[in-house]
Undergrad: 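I am attaching a structure below and will ask some questions about it afterwards.
Residue numbers run from 1 in the order of the sequence given.
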Amino acid sequence: LTDNTSWLACTGSSCTASGTAAPTSSVTFQASTGVNGNISVAYLTSQTVNPGNYGTVNLASESTLNFSTNAGVFKMGAVTTSYKSVMSFVPGDYWINGNLTLADSTVLKRANASGSVRIFVNGNITLGYKITTDGFTPEQLLIVATGSISQGATNNQDHVISGFIYAGGNVSLGFNSTINGAVSGANFTGTGDQVKVNYSSASLAALGTKFSFEPFCSVGTTAPPV
């Protein structure tokens, strides 16, 4: 745990790691065959796709990609969004065989009030400025990356994400970023002031029931806000 927020964190002092690390978790990754072709959503348009096997996914600025069919399985290659684009998820499993690159002001939106969304990324997740989730409670979203979760060329700051985030590599969040749920990674770095993780044991219990995923914290330990 690297706390760069100095005196603004952990009740006036720098945060330090405590407890013991949770065991490493992994999933058997489901790669896409690409048989359904690539997805490219044009500027200021929307597109709806059904469960299937897709190639690369690209969203132009202010476009919307809607996933249809609850409890579906969506497999795809690398995913890249653009400024103010929206990915609208229904409950189901999303397998991204490549990097997930989220541009400035990208919104991860929930399109259904029941069920949970699981996003598995076989690569790195890059966050632009002000990535947000819309309509999710923490236990309704799980994001897993085999690589790292970190900033892009722009400032990695002002994120508000409700969900549980797990990285096989490092996790880095910038100024004024808030995670409602939990974060797990090989190392966690708060790269600016006012980085917050609002941990909820009730949400974590619900996550375990719905996702059958390894715990984010070891038994009997809790993580202080950062």
Undergrad: Following the transitive rule for hydrophobic clusters with a side-chain heavy-atom cut-off under 4.5 Å over Ile, Leu, Val, Met, Phe, Trp and Tyr, establish whether Val73 and Val144 coincide in one cluster.
TA: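 Per the 4.5 Å side-chain linkage, Val73 and Val144 are co-clustered.
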Undergrad: Compare all side-chain heavy atoms of Gln140 with those of Arg110 and state whether any distance is below 4.5 angstrom.
TA: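 Contact flag for Gln140/Arg110 side chains = yes.
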Undergrad: Enter the distance from Asn66:CG to Ser88:OG here, rounded to the nearest 0.5 Å.
TA: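 These two atoms lie 4.5 Å from each other.
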Undergrad: Where is the tightest heavy-atom contact between Tyr199 and Ala182, given as atom of each residue plus distance?
TA: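 Heavy atoms of Tyr199 and Ala182 come nearest at CD1-CB, 4.0 Å.
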Undergrad: Donor-acceptor check, side chain of Thr69 to backbone of Pro51, threshold 3.5 angstrom: yes or no?
TA: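 No, because the side chain of Thr69 does not come within donor-acceptor range (under 3.5 Å) of the backbone of Pro51.
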Undergrad: Ignoring hydrogens, what is the shortest heavy-atom contact between Asn170 and Ala186? Give both atom names and the distance.
TA: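 So the minimum-distance heavy-atom pair works out to OD1-CB, 3.6 Å.
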Undergrad: Does a donor on one side chain sit under 3.5 Å from an acceptor on the other, for Ser114 and Asn112?
TA: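 Yes - a donor-acceptor pair under 3.5 Å links their side chains.
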Undergrad: Using distance alone, with no hydrogens and no angle criterion, decide if Tyr129 and Asp158 have a side-chain donor and acceptor under 3.5 Å apart.
TA: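 Looking only at side-chain atoms, Asp158 and Tyr129 do form a donor-acceptor pair, the distance falling under 3.5 Å.
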Undergrad: With the side chain counted from C-beta on, respond yes when Ile143 and Phe164 share a heavy-atom pair under 4.5 Å apart, and no when they do not.
TA: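 Ile143 does not reach Phe164 side chain to side chain.
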Undergrad: Assess the side chains of Asn58 and Ser40: does a donor N or O sit below 3.5 Å from an acceptor N or O?
TA: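 Result is no, nothing qualifies.
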Undergrad: Val49, Val57: one ILVMFWY side-chain cluster at the under-4.5 Å cut-off?
TA: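 Both belong to a single hydrophobic cluster.
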Undergrad: Dump the intermediate steps for side chain to side chain contact (heavy atoms under 4.5 Å, CB included) on Phe188 and Val183, then the final yes or no.
TA: CA-CA 8 Å; Phe188 177 70; Val183 177; 3.8 Å; yes
Undergrad: Are Val86 and Val41 co-members of a hydrophobic cluster defined by side-chain heavy atoms under 4.5 Å apart?
TA: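 Val41 does not cluster with Val86.
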Undergrad: With side chain to side chain contact (heavy atoms under 4.5 Å, CB included) as the test, would you mind laying out the steps for Trp95 and Met76 before giving the verdict?
TA: CA-CA 6 Å; Trp95 299 89; Met76 60 203 86; over 6 Å; no
Undergrad: Apply side chain to side chain contact (heavy atoms under 4.5 Å, CB included) to the pair Ser82 and Leu59, showing each step before the final yes or no.
TA: CA-CA 6 Å; Ser82 298; Leu59 280 70; 5.6 Å; no
Undergrad: When you measure from the side chain of Thr133 to the backbone N and O of Leu108, does any donor-acceptor pair fall under 3.5 Å?
TA: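 Not confirmed, Thr133 side chain does not pair with Leu108 backbone.
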Undergrad: Taking the side chain as everything from C-beta on, heavy atoms only, tell me whether Ile39 gets closer than 4.5 Å to Leu65.
TA: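 Counting from C-beta outward, Ile39 and Leu65 do come under 4.5 Å.
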Undergrad: Would you confirm whether the ring centroid of Tyr94 sits within less than 6.0 angstrom of the ring centroid of Phe120?
TA: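 Distance test on ring centres: not under 6.0 Å, no.
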Undergrad: Can a donor-acceptor pair be found, under 3.5 Å and without considering hydrogens, that links the side chain of His159 to the backbone of Ile131?
TA: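 Between the backbone of Ile131 and the side chain of His159 there is a qualifying donor-acceptor contact (under 3.5 Å).
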Undergrad: Is any side-chain heavy atom of Val117 less than 4.5 Å from a side-chain heavy atom of Phe136?
TA: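 The answer is yes, as the side chains (C-beta and beyond) meet within the 4.5 Å cut-off.
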Undergrad: Going by heavy atoms in the side chains, are Asn99 and Thr80 under 4.5 Å from each other?
TA: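 Heavy-atom side-chain distance check fails, nothing below 4.5 Å.
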Undergrad: Could you tell me whether the side chain of Asn124 reaches within less than 4.5 Å of the side chain of Ile149, counting heavy atoms only?
TA: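 In short, these two side chains do not touch, never coming nearer than 4.5 Å.
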Undergrad: Testing the basics here: between Ser32 and Tyr54, what is the closest heavy-atom pair and its distance to 0.1 Å?
TA: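 For Ser32 and Tyr54, the tightest heavy-atom pair comes out as OG-O, 2.7 Å.
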Undergrad: Please check this pair: side chain of Ser105 against backbone of Lys130, looking for a donor-acceptor N/O pair closer than 3.5 Å.
TA: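 Answer holds: no.
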Undergrad: Have Asn53 and Asn36 got a donor and an acceptor in their side chains that come within less than 3.5 Å?
TA: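 Absent: no donor and acceptor within the cut-off.
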Undergrad: List for me each residue that meets side chain to side chain contact (heavy atoms under 4.5 Å, CB included) alongside Asn97, sequence neighbours excluded, and say none if there are none.
TA: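 Only Phe29, Ala31, Asn122 meet the side chain to side chain contact (heavy atoms under 4.5 Å, CB included) criterion with Asn97.
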Undergrad: Name the one of Asp104, Leu102, Thr106, Thr101 that satisfies side chain to side chain contact (heavy atoms under 4.5 Å, CB included) with Leu127?
TA: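 When Asp104, Leu102, Thr106, Thr101 are each tested with Leu127, the side chain to side chain contact (heavy atoms under 4.5 Å, CB included) holds only for Leu102.
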Undergrad: Distance check, rounded to the nearest 0.5 Å: Glu139 atom CD versus Ser116 atom OG?
TA: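 Those atoms lie 7.0 Å apart.
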Undergrad: Are Thr189 and Leu173 packed together at the side-chain level, in the sense that at least one heavy-atom pair is separated by less than 4.5 angstrom?
TA: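 No. Closest side-chain heavy atoms not under 4.5 Å.
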Undergrad: Verify, without hydrogens or angle tests, whether Thr178 (side chain) and Val160 (backbone) share a donor-acceptor contact under 3.5 angstrom.
TA: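 Checking the backbone N and O of Val160 against the side chain of Thr178, no donor-acceptor pair under 3.5 Å is found.
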Undergrad: Flag the pair Ser172 / Ser148 as yes when at least one side-chain heavy-atom distance between them is below 4.5 Å, and no otherwise.
TA: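 Ser172 does not reach Ser148 side chain to side chain.
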Undergrad: Can you name the closest pair of heavy atoms from Ala60 and Ala42 and give their distance?
TA: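 Smallest interatomic distance, heavy atoms only, reads CB-C, 3.7 Å.
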Undergrad: Could you check whether any side-chain N or O of Asn198 sits under 3.5 Å from a backbone N or O of Asn180, counting only pairs where one atom can act as donor and the other as acceptor?
TA: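 Answer holds: no.
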Undergrad: Drop me the distance from Tyr43's OH to Glu62's CD, to the nearest 0.5 angstrom.
TA: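 Tyr43 atom OH to Glu62 atom CD measures 4.5 Å (nearest 0.5 Å).
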Undergrad: Taking salt bridge (Lys or Arg N to Asp or Glu O under 4.0 Å) as the cut-off, I'd like each qualifying pair that reaches into residues 77-93, sequence neighbours left out, listed once.
TA: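 Residue pairs passing salt bridge (Lys or Arg N to Asp or Glu O under 4.0 Å), neighbours aside: Asp93-Arg118.
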Undergrad: If you measure from CZ on Phe74 to CG on Asn50, what distance do you get to the nearest 0.5 Å?
TA: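 Phe74 CZ to Asn50 CG: 7.0 Å, rounded to 0.5 Å.
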Undergrad: Could you tell me which non-hydrogen atom of Gly123 sits nearest to which non-hydrogen atom of Thr146, and how far apart they are?
TA: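 Looking at all heavy atoms of both residues, the closest pair is N-OG1, 2.9 Å.
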